[in-house]
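In listed order, ligands and their atoms are each counted from 1. Keep in mind the model is a prediction, meaning the values are calculated, not measured.
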Amino acid sequence: MSILNNISIALQKGKSKDVVQLIHEALDSGITAQEILDNGLLKGMGELGVKFKNNEVYVPEVLIAARALNSGTMVLKAKLVEEGVQPIGTVVIGTVKGDLHDIGKNLVKMMLEGAGFAVIDLGVDVPEERIVEAITEHEPNIVCLSALLTTTMNQQKVVIEALKEAGLRDKVKVMIGGAPVTQSFCDQIGADVYTPDAATAAEVAKSFVLQH
Ligand code: B1M
């Protein structure tokens with residue numbers, strides 16, 4: 001349907017006003033909020049994610065598209081609730097204690113939302129106790145930990161140890177990322193997955209929940 005395609009294109013260009021207008025037109029023409037979300041907004045964010053991974057677009061484009069995604073989902077929110085649409089899963093995300101970098105973490109969050117997850121964002125400089133609390137409270141499928149400093153990446157291990165101590169390690173997938181993090185570090189600390197970028201993180205997260 002071409003209006004959905006136009007929504008996807010407007011989103012990728014970061015044109016919030018066009019996205020909102022096209023969504024209203026689509027709703028008026030009888031397309032459901034779910035269809036608009038899946039085949040317009042999320043399709044657009046997915047395509048942009050692939051371009052980001054291939055270095056065809058960069059951080060600013062993704063941030064602007066995410067703003068358009070937010071504007072679009074604001075319009076759809078009430079309709080989605082009416083239609084009883086559920087998120088595909090829940091993710092708790094945060095940058096670990098001692099670390100204030102959040103640009104990468106925010107991109108991961110946007111890609112996850114773009115993939116249909118409900119995301120609880122704990123922000124930056126998040127101590128392990130706060131992460132344990134959030135997992136107990138929200139029972140997410142996945143926790144995503146970001147670290148940008150060689151001095152804070154070990155805090156990802158501290159979180160995993162705290163999850164073990166709280167008896168939560170088997171209840172949640174632990175995904176890690178951030179510039180200094182590697183696959184061998186992931187293996188070493190016993191995280192479930194390392195992903196090098198935000199688009200891959202969203203793809204892997206989706207594959208986890210769709211398996212179950
Ligand atoms: Co800082 N900083 N910084 N910094 N900073 C780096 C990381 C650094 C490499 C710069 C350098 O020296 N060349 C260096 C770290 C060196 C090291 O540890 N070996 C550094 C330093 C030293 C510091 C300070 C200590 C500086 C100082 O005060 N002396 C200080 C630390 C503060 C703290 O955190 N306690 C500091 C502060 C800052 C600013 C506040 C000024 C600012 C952060 C602003 C913000 O985030 N709101 C900042 C910035 C911007 C950077 C650089 C320039 C850019 C980081 C960034 O946003 N990249 C960075 C140098 C660089 O990388 N060129 C640097 C873009 C972002 C999209 O990439 O975050 O890697 P990234 O995310 C990617 C992937 O890694 C992955 O997906 C993202 C996109 O695809 N990913 C995940 C990230 N998290 C994930 C989680 C997942 C999955 C994937 O979970 C599943």
Can a donor-acceptor pair be found between the side chains of T152 and Q155 at a distance below 3.5 Å?
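The answer is no; no qualifying pair exists.
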Distance-only polar pair, side chains of E203 and S207, donor-acceptor under 3.5 Å:
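Per modelled atom types, E203 and S207 side chains form no pair under 3.5 Å.
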In total, how many protein N/O/S atoms does one find closer than 2.8 Å to atom 1 (Co) of ligand 1?
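Protein heteroatoms (N, O, S) closer than 2.8 Å to atom 1 (Co) of ligand 1 number 1.
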Protein heavy-atom partner closest to [atom] - residue, atom, separation in Å:
atom	value
atom 44 (C) of ligand 1	I103 CD1, 4.3 Å
atom 17 (C) of ligand 1	T150 OG1, 3.6 Å
atom 88 (C) of ligand 1	T195 OG1, 3.5 Å
atom 77 (O) of ligand 1	A198 N, 3.4 Å
atom 76 (C) of ligand 1	P196 O, 3.5 Å

Residue pair I23 / L41, side-chain heavy-atom distance below 4.5 Å
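I23 reaches L41 side chain to side chain.
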Should V204 and M175 count as side-chain neighbours, where that means a heavy-atom distance under 4.5 Å?
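Yes, their side chains come closer than 4.5 Å.
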Do the side chain of N141 and the main chain of T90 share a donor and acceptor less than 3.5 angstrom apart?
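Yes.
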Side chain of T95, backbone of H101: donor and acceptor closer than 3.5 Å?
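Checking the backbone N and O of H101 against the side chain of T95, a donor-acceptor pair under 3.5 Å is found.
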Identity of the nearest option to atom 75 (O) of ligand 1, non-hydrogen atoms only, from G104, G178, S146:
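Ranked by closest heavy atom to atom 75 (O) of ligand 1, first place is G178.
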Might you check, step by step, whether the distance between [atom] and some protein heavy atom is under 4.0 Å?
atom	result
atom 53 (C) of ligand 1	no
atom 8 (C) of ligand 1	no
atom 20 (C) of ligand 1	yes
atom 63 (N) of ligand 1	no
atom 1 (Co) of ligand 1	yes

Give a yes or no on whether L122 and L168 share a hydrophobic cluster (residues Ile, Leu, Val, Met, Phe, Trp, Tyr; joining criterion: side-chain heavy atoms under 4.5 Å apart).
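Same cluster.
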Assess T151 for proximity to ligand 1: is some non-hydrogen atom of it under 4.0 Å away?
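No; T151 lies far enough from ligand 1 that no heavy-atom distance drops under 4.0 Å.
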Closer than 4.0 angstrom: is that true for some heavy atom of Y194 and an atom of ligand 1?
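No heavy atom of Y194 comes that close to ligand 1.
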May I have the step-by-step check of salt bridge (Lys or Arg N to Asp or Glu O under 4.0 Å) for K43 and E47, ending in yes or no?
CA-CA 6 Å; K43 180 169 167 276; E47 286 174 5; 3.4 Å; yes
Below 4.0 angstrom from a heavy atom of D102, which ligand 1 atoms are there? Numbered from 1 as shown, please.
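Result: 45 (C), 46 (O), 47 (N).
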Only one of V119, I93, V172, I120 passes side chain to side chain contact (heavy atoms under 4.5 Å, CB included) with P140; say which it is.
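Result for side chain to side chain contact (heavy atoms under 4.5 Å, CB included) with P140: V172.
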G98-ligand 1 polar pair, N/O distance under 3.5 Å:
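There is such a contact, yes.
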Which value, rounded to the nearest 0.5 Å, describes the distance between T136 atom OG1 and K171 atom NZ?
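T136 OG1 to K171 NZ: 9.5 Å, rounded to 0.5 Å.
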When you look for heavy atoms under 4.0 Å from ligand 1, do you find them on the side chain of L107, its backbone, both, or neither?
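Looking at L107 and ligand 1, just side chain atoms fall under 4.0 Å.
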